[in-house]
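The structure under discussion appears below in the form of structure tokens.
The analysis underlying the following values was restricted to heavy atoms, covering all of them including side chains, and did not include hydrogens, waters or symmetry mates.
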There are 2 protein chains.
Amino acid sequence: MTAKRVPPAQLAPQLRDAITRLNRRVRQARPVGDLTVTQLSALTSLNLAGALTPRELADVERVQPPTMTKIVAKLEERGLVQRTPHPTDGRQVILAATEGGRAVLDQFERARNEWLASRLAALSEEERDTLRRAADILQAIARA
Amino acid sequence: MTAKRVPPAQLAPQLRDAITRLNRRVRQARPVGDLTVTQLSALTSLNLAGALTPRELADVERVQPPTMTKIVAKLEERGLVQRTPHPTDGRQVILAATEGGRAVLDQFERARNEWLASRLAALSEEERDTLRRAADILQAIARA
DNA sequence: CCAGGCTCATTAGTTAAGCTAACGAGTGTG
DNA sequence: CACACTCGTTAGCTTAACTAATGAGCCTGG
């Protein structure tokens, strides 16, 4: 199992294809829950970060501030997100997931992971290790 | 570099996170082109299939027929799709990508791969090999 | 020390993308 | 050949994204 030389130009389309296809599959495996993909994504980011201003959350989600205003409004309606004033800056607002928001996230997360986890369970230890290392590399690329 | 034991329940979220994030990044790396993701997807499917009726294309894209009517109308406006009457059935219409449509597809495809390829080029040979093996495994999972 | 410029969040208004319901033209069969 | 069914489209609604503009609050240079 020596490392074979892999030209990037050849690997790129192959990897991209694998990722987009798998992404579609994972997305299809979601509960009929009443949260839209956009709302779920924002809530996830917010929960991961702990607390963010609307601007920061918009940047994370790669969305314009007015768009985030609406998304947050819907999440707040359902009591999944809490809005508190910034301690020193009167312009800003602090957003955080509520207990209920975290509960909803857990539920979605579990349903999504189940499908993929069952596939992974069918692989060999070695294949899973390859995927683990690949996941690290891919996360680094995505973050860059 | 021995294979470490990786429980599927732990790998699944990590891998899913890596994939969804990378997928977002790849999608964002599109030319400022005036085509939306939806339009691009429909055009791609149409090009792959060669020729389809609106109904068939709607099924492929998992969209309702009226939605496809609008998408096709926009693509037709730009001269990327051609509409010809069905030879025997007066109700139906045959859709096909024009030469211009195929040219646009090529251009998008290239731009998307370029972004990823440049990231891959910065990795070590060994890392690229890990990704190549991972891509094979992931494609198999997605296909299942 | 305060006037002007900047930042933050929101509001207003537009466009795209999805849906269901309904309709008109065309097909085909009992 | 009348009637039911299919195909594509139109009409009207919802959600999600955008840009432009607004109002509140902050901060700094003269």
Verify same cluster id: B/Phe108, B/Leu43 (apolar side-chain graph, 4.5 Å): yes
Nucleotide C/dT20, atom P - distance to CD of B/Gln64 in whole Å: 5 Å
Test log, rule side-chain hydrogen bond (donor to acceptor under 3.5 Å, both in side chains), inputs B/Gln92 and B/Thr53: CA-CA 7 Å; B/Gln92 295 189 48; B/Thr53 67; 4.6 Å; no
Selected nucleotide, minimal atom distance to A/Arg91 side chain, candidates D/dG25, C/dA12, C/dC19: D/dG25
N/O (side chain, B/Thr69) to phosphate O (OP1/OP2, D/dT10) under 4.0 Å: no
B/Lys70 side chain near D/dT9 phosphate (N/O to OP1/OP2, under 4.0 Å): no
Side-chain N,O (B/Arg83) to OP1/OP2 (D/dT9) below 4.0 Å: yes
Euclidean distance, atom CD1 of residue A/Ile94 to atom P of C/dA9 [Å, nearest integer]: 8 Å
For atom NE2 of B/His86 and atom P of D/dG8, their distance in whole Å: 9 Å
Minimum-distance nucleotide to B/Gln92 side chain [options: D/dT9, D/dC18, D/dC7]: D/dC7
A/Leu105-A/Val60 co-clustered via ILVMFWY side chain contacts under 4.5 Å: yes
Phosphate OP1/OP2 of C/dA17 contacted by B/Gln39 side-chain N/O (<4.0 Å): yes
Nearest-Å distance for atom pair CG/C1', residues B/Leu40 and C/dA17: 15 Å
From C/dA9, C/dT20, D/dT19, nucleotide with atom closest to A/Pro66 side chain: D/dT19
Between P of D/dC5 and CG of B/Asp89, the distance in whole Å: 17 Å
Of A/Ile71 and B/Pro54, the one whose closest DNA chain D nucleotide lies more 5': B/Pro54
Short side-chain N/O contact to D/dT15 OP1/OP2 from A/Thr38, under 4.0 Å: no
For atom CZ of A/Arg55 and atom P of C/dT7, their distance in whole Å: 9 Å
Short side-chain N/O contact from B/Thr67 to OP1 or OP2 of C/dG18, under 4.0 Å: no
Test item: B/Leu95 and B/Leu75 side chains (from C-beta on) under 4.5 Å apart, heavy atoms: no
Atom pair CG (A/Leu131) and CD1 (B/Ile141), whose distance is rounded to the nearest 0.5 Å: 6.0 Å
A/Met68 CE to C/dA9 C1', straight-line distance once rounded to whole Å: 13 Å
Rounded interatomic separation in angstrom, taking CD from B/Glu61 and C1' from C/dC19: 16 Å
